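First comes the structure, then the notes that go with it.
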Amino acid sequence: MRRALGQLRSVGIIGAPFSGGQPKDGVQLGPDLIRAAGLVNRLKEQGCDVKDYGNLAFESVSSDEPVGLAKRPRAVGRANQQLADAVRRIKHDGHTCVMLGGDHSLAIGSIHGHAASGSEVSVVWVDAHADINTPLTTTTGNIHGQPMSYVIHELHNKIPVIPNFSWIKPCIAAKDIVYIGLRDVDPGEHYILKYLGIKTFSMSELDRLGIAKVMEQTCDHIFTKVKKPIHLSYDIDALDPSVAPATGTPVVGGLTYREGVYITEHICQTDLLSAVDIVEVNPKRGRTEDEVQSTVNAAVDLVLGCFGRVREGSHPADYKMPDP
């Protein structure tokens, strides 16, 4: 499916430099690094109308003791409420929202704000991890391993009362979720995924089927009845560490660069992409500048793939012969 010539993709970018959902410093630097790699200009060069809303400013929380096992809940809850409001505004302005993180706990606010903008959405979650632990099943307490549990209708009664989380209302049905790239899933998460019947493609299944078949089946699943807008939540650690090493929880055996970009290209071609998260780029986890740059460049290319970048070059219809 090709967008008509002259029809611009309208992109709204919001930076969320937040690291409170996990313990490793540096992930808050991701948004500015991705911008510094030329994201905005490169989107414009491929025909997008881009508005950069800048970065959100997150206030520190002086006293933020764990609630049960959940760590830094007050900071995470407040940051996500700010982000949800920002995403809702961007959607109301008519843009496809691109949220640059920050850690993956930010998906709570990003998905919530997207859904609150007026339509039910489907979620394609590309990640080495399922991030669907509840505060009761988590082994680490880090909320970046829990965001999906807060937004799924079927898990609502499994979530205890947590400070600064009362604003969150479940907004996604389990049947409208597809996971791609899983290879490090906790026992509690395995149980939740099976219990809810969520569609998943582990790396073993991707190896067996191939990325083209995985994406065909992904779209078949989420478009079974109604074609809902797609929220693509993309953790950079879905990519193999040989491609994107500068991240907090790398797991070997991940997506190749080509597989990772193909996912974005395929979703772009549905013309139903409505919001994108790019999270967990952490320059302080790269051992060399090359490792950092490789990770940042991969993040930029994932976003470009979401908005029509074609690796075989420009479409012939876009070419204008020079005058003699």
Side-chain angles (χ1 to χ4, degrees), residues 1 30 34 37 39 42-43 46 98 100-101 104 107 122-132 148 177-185 189 193 198-223 230-273 275-282 285-286 290-313:
M1 184 181 302
I34 294 169
L39 176 64
R42 293 183 67 186
L43 283 169
Q46 64 185 44
V98 174
L100 306 176
H104 216 165
S122 55
V123 174
V124 178
W125 191 276
V126 186
D127 200 329
H129 312 89
D131 293 353
I132 200 171
M148 283 297 278
I177 301 165
V178 177
Y179 280 92
I180 300 172
L182 295 179
R183 56 193 184 278
D184 185 11
V185 180
E189 293 180 305
L193 292 169
I198 292 176
K199 185 73 170 174
T200 64
F201 293 99
S202 68
M203 286 306 302
S204 295
E205 290 164 306
L206 194 147
D207 287 342
R208 179 171 58 85
L209 295 170
I211 190 63
K213 182 63 70 175
V214 164
M215 293 313 299
E216 286 175 20
Q217 292 187 14
T218 293
C219 290
D220 287 346
H221 179 81
I222 59 178
F223 298 154
I230 296 172
H231 187 110
L232 174 62
S233 200
Y234 211 125
D235 190 319
I236 201 71
D237 74 23
L239 300 177
D240 190 77
S242 62
V243 179
T247 188
T249 50
V251 185
V252 297
L255 298 167
T256 66
Y257 172 87
R258 288 186 296 173
E259 290 167 338
V261 172
Y262 184 91
I263 292 169
T264 66
E265 293 171 342
H266 193 95
I267 291 177
C268 172
Q269 289 166 9
T270 68
D271 269 345
L272 287 167
L273 181 63
V276 185
D277 308 327
I278 299 288
V279 298
E280 299 285 356
V281 172
N282 188 336
R285 307 308 294 180
D290 284 347
E291 287 195 350
V292 174
Q293 204 56 52
S294 174
T295 308
V296 172
N297 289 343
V300 171
D301 286 350
L302 293 176
V303 178
L304 296 178
C306 288
F307 295 99
R309 175 176 178 254
V310 286
R311 285 174 285 166
E312 64 267 25

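All values reported here derive from a predicted model rather than from experimental measurement.
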Taking side chain as C-beta onward, heavy atoms only, is [X] less than 4.5 Å from [Y]?
{"X": "Arg309", "Y": "Leu43", "result": "no"}
{"X": "Val261", "Y": "Leu302", "result": "yes"}
{"X": "His104", "Y": "Trp125", "result": "yes"}
{"X": "Met148", "Y": "Ile177", "result": "yes"}
{"X": "Asp184", "Y": "Thr249", "result": "no"}
{"X": "Leu255", "Y": "Val126", "result": "yes"}
{"X": "Leu100", "Y": "Leu39", "result": "yes"}
{"X": "Leu206", "Y": "Phe201", "result": "no"}

Quiz prompt | side chain to side chain contact (heavy atoms under 4.5 Å, CB included) between Lys199 and Gln217, worked out | solution = CA-CA 10 Å; Lys199 185 73 170 174; Gln217 292 187 14; 4.3 Å; yes

Closest approach of [X] to [Y] (non-hydrogen atoms, all atoms of both residues):
{"X": "Gly286", "Y": "Val292", "result": "CA-CG2, 4.0 Å"}
{"X": "Asp127", "Y": "Asp131", "result": "OD2-OD2, 2.9 Å"}
{"X": "Val124", "Y": "Ile230", "result": "CG2-CG2, 4.0 Å"}
{"X": "Asn297", "Y": "Ala37", "result": "OD1-CB, 4.4 Å"}
{"X": "Ile222", "Y": "Ser122", "result": "CD1-OG, 4.0 Å"}
{"X": "Pro250", "Y": "Pro241", "result": "CB-CG, 3.9 Å"}

Measuring from [X]:[atom1] to [Y]:[atom2], what's the distance to the nearest 0.5 Å?
{"X": "Thr218", "Y": "Ile180", "atom1": "OG1", "atom2": "CD1", "answer": "3.5 Å"}
{"X": "Glu216", "Y": "His266", "atom1": "CD", "atom2": "NE2", "answer": "6.5 Å"}
{"X": "Leu304", "Y": "Thr264", "atom1": "CG", "atom2": "OG1", "answer": "8.5 Å"}
{"X": "Thr200", "Y": "Leu182", "atom1": "OG1", "atom2": "CG", "answer": "6.0 Å"}
{"X": "His231", "Y": "Leu272", "atom1": "NE2", "atom2": "CG", "answer": "14.5 Å"}

Treating [X] as the side-chain partner and [Y] as the backbone partner, does any N or O pair qualify as donor plus acceptor under 3.5 Å?
{"X": "Asp240", "Y": "Gly253", "answer": "yes"}
{"X": "Ser294", "Y": "Asp290", "answer": "no"}
{"X": "Thr247", "Y": "Glu280", "answer": "yes"}
{"X": "Tyr257", "Y": "Val243", "answer": "no"}
{"X": "Glu189", "Y": "Ile132", "answer": "yes"}
{"X": "Tyr234", "Y": "Gly260", "answer": "yes"}
{"X": "Asp237", "Y": "Ala128", "answer": "yes"}
{"X": "Arg183", "Y": "Gly181", "answer": "yes"}
{"X": "Glu205", "Y": "Ser202", "answer": "yes"}

> Taking NZ, NE, NH1 and NH2 as the nitrogens, is one of them in Arg42 or Asp301 under 4.0 Å from a carboxylate oxygen of the other?
Replying inline: yes

